[in-house]
Amino acid sequence: MFDLQNKLSGICEAEMKKKFGISTTIHFSFSLDKGRGDLTTSAALSLAKQLKQSPQDVAKTIAQALKSVDGVENVSIAGPGFVNVMLAPATLSGELPSTLLVCSPQKNTKKTSPVIIDYSAPNVAKPLGIHHILSTVIGQSLANLYRHLGFDTVSINHLGDWGTQFGKLAVAYERWGTKKVEEHSIDELLALYVKFHDELATDASLETEGRAAFAKLEQGDTTLREFWKSVVGITMRSLDHLYERLHIHFDHTHGESFYEDKMATIVKEGKKKGVFLPGEGGGLIVRFPETDKLPTLIALKADGSTIYLTRDLATARYRIDTWHPQSILYVVDVAQQLYFKQLFATLGQLGWELPHLEHVLFGRMRFADKDMSTRKGNILKLEAALDEALLRAKTIISERGEKIQTDDPDGLAEMMGVGALVYGILSQNRKMDMVFDWKKMLSFEGNSAPYLQYTHARAKSVLRKGGEEHPALTVATSLSPAERRLTKLLLMFGQTLEDARKDHLPHKLTNYLYDVCQAFNAFYNSDDILGASAEQRAFRLGVTSLTARVLKTGAEILTLRVPDRM
Ligand code: ARG
């Protein structure tokens, strides 16, 4: 579709140059509102002032230039100066192959430098909580989006596998452990950690002991190292299983420990450049200019042990040297907003040549169902949430009985349940707090994964009944209102992906897919597909097939799967 939009833009821009001697860009976007044509531009409104003309007059000039263009059926001026263009059915439908191209992953023909996406990054030695799903699926969907659009991407799990918590866990194990470390499950490790914190309330010396143990680990103590290795191993196994269920894939898992031998040079450089200043008791701190309004930050503890920031500085250096990225995105909770400002400011002080750095933050999770937030005093575990989603999906499938057709009810339930959870998150604006609501997530009617999956299966079923799995796209000489709307929506796929990527907002894609589903179902209900005349039938089958492609492509970018029957 970009071709046609570009053509119209080019014609209007040339006219502006000829008539007013100005160089400007005139952008056309699709409009779905009734009576507003197929493509619309508000350029006249923004140009009026510059041209010292009324918006209406500028709109008239634009409209005049478009009237005789091939494929333009009608041009009208609406409201204060919008120019609406109605396209001939053949022109509009003739653009659909461009959407088919958008469905295939693009190549990085411009050879741009990669985008690094840092997400999930749980702190190990604890099972994942439900909230961990946020960074995990938002990050993965952004990585998929970038990759699909032809960017080289590097996805990294910056695992929290280093830090005082290991010292604490080691102390807990030494005191209360009853079997070999490697025989612990992830839950048993958590129990030890929880016990440590319970005992801390009455025995403050534990804190010092824990810190000392971590300092020893950092200095290379062999027993502690072995202990640490076992704990990381246990965590990784349970993580891998969850990542598989969620379709999460990392190019690299470089935990914080990976940077252990890369911090000394950073500390040295920071000191030399006067970025790290002596702090209390021998530690190092970073101060920020008053105008930044950022509180002072510790860079190295008094006992010489490193912290989260020290590791993030070394991480940034490593990433820059290794991949020369154009940007690094950190998909992390809003709670770390201040921290990332400080991190970026510190990187700035170090005077390095930096890529675009962005904290892609997201809000907290709230529960529609009150007793969900705390279960037996613990956080709801991600695994338990996935299992519950699966169970609920199974119930729905058996309740629907005949209405659902599948030869793999378990596979479908997993796809639907996990999909519902993930879609429930990605369909909300990540910048706001997110509401977790089983009913809404699993609804067959709303903006949900089951609705998307059901619509995809319906389109596939039409194709099966039509006897053509992959019908070619044909050109329509007339379009019903439902066909016109669906056609326009399908043509908007490329722009939607681009917008969702640019703003790092996956919900722009879910909203779009929801619109496509609704438009397809309206079309399915109002227009006879299989019983239409040969020419119409061919067009309708082609559009049905393209709809299925778009839904599947979009769903997979969002880490979801869609069934062929359901
Ligand atoms: N492990 C951290 C946490 O759970 C998140 C790490 C995010 N990435 C980073 N490079 N700081 O809070």
Side-chain angles (χ1 to χ4, degrees), residues 114-140 142-143 153-169 186 189-190 193 214 228 231-232 235-236 238-239 242-243 248 250-260 262-263 266 286 294 297-299 306-323 325 327-348 350 352 354-365 379 381-382 430 504:
V115 174
I116 293 181
I117 308 175
D118 170 330
Y119 58 100
S120 197
N123 294 329
V124 310
K126 285 188 249 182
L128 295 203
I130 177 72
H131 61 280
H132 280 111
I133 199 176
L134 299 176
S135 168
T136 306
V137 300
I138 294 170
Q140 186 66 57
L142 293 178
T153 59
V154 181
S155 64
I156 302 178
N157 193 357
H158 188 73
L159 212 59
D161 63 356
W162 205 239
T164 333
Q165 73 265 32
F166 288 94
K168 293 179 179 170
L169 194 61
I186 186 97
L189 290 178
L190 177 68
Y193 197 67
F214 177 58
W228 169 80
V231 170
V232 174
T235 315
M236 280 315 291
S238 88
L239 271 181
L242 284 168
Y243 286 149
I248 305 302
F250 297 101
D251 296 321
H252 302 279
T253 295
H254 285 162
E256 293 184 35
S257 65
F258 179 78
Y259 302 97
E260 209 206 326
K262 301 173 180 62
M263 285 184 281
I266 306 290
V286 184
L294 292 173
L297 195 63
I298 295 176
T306 61
I307 57 168
Y308 189 46
L309 171 81
T310 337
R311 293 188 280 279
D312 254 331
L313 295 172
T315 304
R317 183 72 262 166
Y318 177 82
R319 290 174 179 171
I320 295 168
D321 291 343
T322 310
W323 291 289
S327 50
I328 306 179
L329 310 179
Y330 299 82
V331 186
V332 187
D333 196 324
V334 62
Q336 292 190 32
Q337 194 168 22
L338 174 62
Y339 168 74
F340 277 103
K341 283 189 185 151
Q342 292 170 313
L343 171 65
F344 298 164
T346 307
L347 288 168
L350 284 165
W352 299 344
L354 295 171
H356 168 74
L357 301 169
E358 187 172 333
H359 175 202
V360 178
L361 56 78
F362 51 83
R364 274 163 234 253
M365 200 181 244
I379 45 148
K381 278 191 273 170
L382 179 52
R430 63 169 170 81
H504 302 141

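None of these values were measured; they are calculated from a predicted model. Counting starts at 1 for both ligands and their atoms, in listed order.
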Is Ser238 reaching over with its side chain to a backbone N or O of Thr235, donor-acceptor style, under 3.5 angstrom?
yes
Return all side-chain donor-acceptor pairs below 3.5 angstrom for residues 154-165, not counting sequence neighbours, or 'none' if the list is empty.
{"unit_1": "Ser155", "atom_1": "OG", "unit_2": "His249", "atom_2": "O", "d": "3.3"}
{"unit_1": "Ser155", "atom_1": "OG", "unit_2": "Asp251", "atom_2": "N", "d": "2.9"}
{"unit_1": "Ser155", "atom_1": "OG", "unit_2": "Asp251", "atom_2": "OD2", "d": "3.4"}
{"unit_1": "Asn157", "atom_1": "OD1", "unit_2": "Ala121", "atom_2": "N", "d": "2.9"}
{"unit_1": "Asn157", "atom_1": "ND2", "unit_2": "Tyr243", "atom_2": "OH", "d": "3.2"}
{"unit_1": "Asp161", "atom_1": "OD1", "unit_2": "Glu256", "atom_2": "N", "d": "2.8"}
{"unit_1": "Asp161", "atom_1": "OD1", "unit_2": "Ser257", "atom_2": "N", "d": "2.7"}
{"unit_1": "Asp161", "atom_1": "OD1", "unit_2": "Ser257", "atom_2": "OG", "d": "3.3"}
{"unit_1": "Asp161", "atom_1": "OD2", "unit_2": "Ser257", "atom_2": "OG", "d": "2.8"}
{"unit_1": "Trp162", "atom_1": "NE1", "unit_2": "Glu218", "atom_2": "OE2", "d": "3.1"}

Please list, by chain and number, the protein residues whose heavy atoms come under 4.0 Å of ligand 1.
Asp118, Ala121, Asn123, His158, Tyr308, Asp312, Tyr330, Val332, Gln336, Phe340
Take a 6.0 Å sphere around CD1 of Ile298 and say whether it holds more than 12 heavy atoms from other residues, nucleotides or ligands.
no
For the residue pair Tyr330 and Phe340, categorise the inter-ring angle as parallel (less than 30°), tilted (30 to 60°) or perpendicular (more than 60°).
tilted
Is the ring centre of Tyr318 less than 6.0 Å from the ring centre of His254?
yes
Rounded distance [0.5 Å steps], CD1 in Ile116 versus NE2 in His356
12.5 Å
